[in-house]
There are 2 protein chains.
Amino acid sequence: MRLTNARDLGLFVRERRRRLGMTQTELSGLAGVSRRWLSDLEAGKPTAEIGLVFRVVHALALTLEARPAEAEPGAIDLDDLLRDLRTSRG
Amino acid sequence: MRLTNARDLGLFVRERRRRLGMTQTELSGLAGVSRRWLSDLEAGKPTAEIGLVFRVVHALALTLEARPAEAEPGAIDLDDLLRDLRTSRG
DNA sequence: CGTGCATGTGCACGTACGCGCACAGAGGCT
DNA sequence: AGCCTCTGTGCGCGTACGTGCACATGCACG
């Protein structure tokens, strides 16, 4: 699942939690966060602290991966493009 | 790159930023965050808000992906295992 | 050596976090 | 109908956030 914002994250966490058959109370205890906060997170709260988010992610046996955005079909390497932009007129 | 905690995230952001030839000032302006905060983020601050993190991630042309943790070589499906645990003694 | 840029960091401010508690609404089960 | 579980949410508290500013260090260049 691709996460682009807090709402995505919240929905994904909720779905994952349900898939594992957990309640908010159980997951919050497992992750060491309050149920109150978890409820807000699942609702897409954008001000949630990433440290707590990582705790929840681990408790859900999830892996978080970051990678450069997909190259367009035009086959231009975005990394090089941006870097060139910077080094040429920066 | 696999991100497991705030420190990972910070280091990854820093490396990615440098790879694109950006300074903290440039990236912070592009992402709409303060340079102060970006500096802290790259240092691994665990209390950073995920909303701002997503802004930086986008500004770096990055994709964030979440997925179930890898299954052990023992071939037990962790999802099923956890779900069964819950439904049988919950 | 002096200048300029990149980065880290202390400070003060206004704001909102995350927490626990308590209650309300919605289902499900008997 | 009555009961129990799950979830959302208002409130109040103590705390730390994120921001902007200013300064210091480190490094490259002429």
Side-chain angles (χ1 to χ4, degrees), chain A residues 3 5-62 64 79 82-90, chain B residues 3 5-62 64 79 82-90:
Chain A
L3 307 177
N5 52 49
R7 181 169 295 274
D8 285 355
L9 176 65
L11 293 178
F12 182 71
V13 164
R14 168 163 294 168
E15 187 161 317
R16 173 67 175 174
R17 174 178 60 80
R18 292 204 172 130
R19 188 176 195 76
L20 297 182
M22 290 192 228
T23 67
Q24 287 185 350
T25 303
E26 289 170 329
L27 177 55
S28 63
L30 202 58
V33 303
S34 69
R35 190 183 70 82
R36 185 67 166 85
W37 180 87
L38 183 58
S39 176
D40 287 342
L41 175 72
E42 290 187 354
K45 190 175 217 193
T47 55
E49 300 181 359
I50 56 169
L52 303 185
V53 172
F54 275 119
R55 298 231 287 266
V56 169
V57 164
H58 293 154
L60 288 173
L62 287 174
L64 217 56
D79 288 31
L82 289 176
R83 181 159 42 76
D84 292 348
L85 273 176
R86 279 290 322 127
T87 51
S88 61
R89 24 170 243 92
Chain B
L3 307 177
N5 53 48
R7 181 169 296 276
D8 285 356
L9 176 64
L11 293 178
F12 182 70
V13 165
R14 168 163 294 168
E15 186 161 316
R16 172 68 174 172
R17 173 177 61 80
R18 291 208 170 126
R19 188 176 194 75
L20 297 183
M22 291 193 227
T23 67
Q24 287 184 349
T25 303
E26 289 169 330
L27 177 55
S28 64
L30 203 57
V33 303
S34 68
R35 190 182 69 82
R36 185 66 166 86
W37 180 87
L38 183 58
S39 176
D40 287 341
L41 176 72
E42 290 188 355
K45 189 175 217 195
T47 55
E49 301 180 358
I50 56 168
L52 302 186
V53 171
F54 274 118
R55 297 231 288 265
V56 170
V57 164
H58 292 155
L60 288 173
L62 286 174
L64 218 56
D79 289 31
L82 290 176
R83 181 157 43 75
D84 292 348
L85 274 175
R86 279 288 323 125
T87 52
S88 61
R89 13 171 254 92

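Keep in mind the model is a prediction, meaning the values are calculated, not measured. Values below: all heavy atoms of this structure, side chains included; hydrogens, waters and symmetry mates excluded.
- In this model, the phosphate group of C/dA16 is not approached by any side-chain N or O of A/Lys45 to a distance below 4.0 Å at OP1 or OP2.
- When the side-chain nitrogen and oxygen atoms of A/Arg14 are compared with OP1 and OP2 of D/dG8, one or more of them lie within a distance under 4.0 Å.
- Proximity of B/Thr47 to the phosphate of D/dA16: no side-chain N or O atom is located under 4.0 Å from OP1 or OP2.
- Contact annotation for B/Ser39: base contact, defined as any heavy-atom pair under 4.0 Å involving a base atom.
- Checked against D/dT19, C/dG18, D/dT7, the side chain of A/Gln24 finds its nearest nucleotide in D/dT7.
- If you measure from atom CZ of A/Arg36 to atom P of D/dG10, you get 7 Å, rounded to the nearest angstrom.
- Checking side-chain atoms of B/Arg17 against main-chain N and O of B/Met22 turns up a donor-acceptor pair under 3.5 Å.
- Between the CE atom of B/Met22 and the P atom of C/dT7 there is a distance of 12 Å, rounded to whole Å.
- To the nearest angstrom, C1' of D/dG18 lies 9 Å from CG of B/Asp40.
- Listed for the A/Arg16 side chain is a donor-acceptor partner under 3.5 Å among the backbone atoms of A/Leu60.
- Residue-level contact check: A/Glu42 touches neither bases nor backbone, having no heavy atom under 4.0 Å from any strand.
- Distance CG (B/Leu38) to P (D/dG18): 12 Å, rounded to an integer number of Å.
- Residue B/Arg17 places none of its side-chain N or O atoms closer than 4.0 Å to OP1 or OP2 of C/dA6.
- Between the CD atom of A/Glu49 and the C1' atom of C/dG18 there is a distance of 7 Å, rounded to whole Å.
- The base of D/dG18 has none of its N or O atoms less than 3.5 Å from a complementary donor or acceptor on the side chain of B/Arg35.
- Rounded to whole Å, the distance from CG on A/Leu52 to P on D/dC17 is 12 Å.
- Between B/Val53 and B/Trp37, the shortest heavy-atom distance links the atoms N-CH2, 3.8 Å.
- A donor-acceptor pair under 3.5 Å is absent between the side-chain atoms of B/Ser39 and the main chain of B/Arg36, judged by distance alone.
- Among the heavy atoms of the strands lying under 4.0 Å from B/Ala48 are primed sugar atoms or P, OP1, OP2 only; no base atom is included.
- Remark: the backbone N or O of A/Ala31 is paired with a side-chain donor or acceptor of A/Arg55 at under 3.5 angstrom.
- Atom CZ of A/Arg18 and atom P of D/dT5 are 18 Å apart (whole Å).
- Taking atom CH2 of A/Trp37 as the reference point, atom P of D/dT7 lies 15 Å away to the nearest angstrom.
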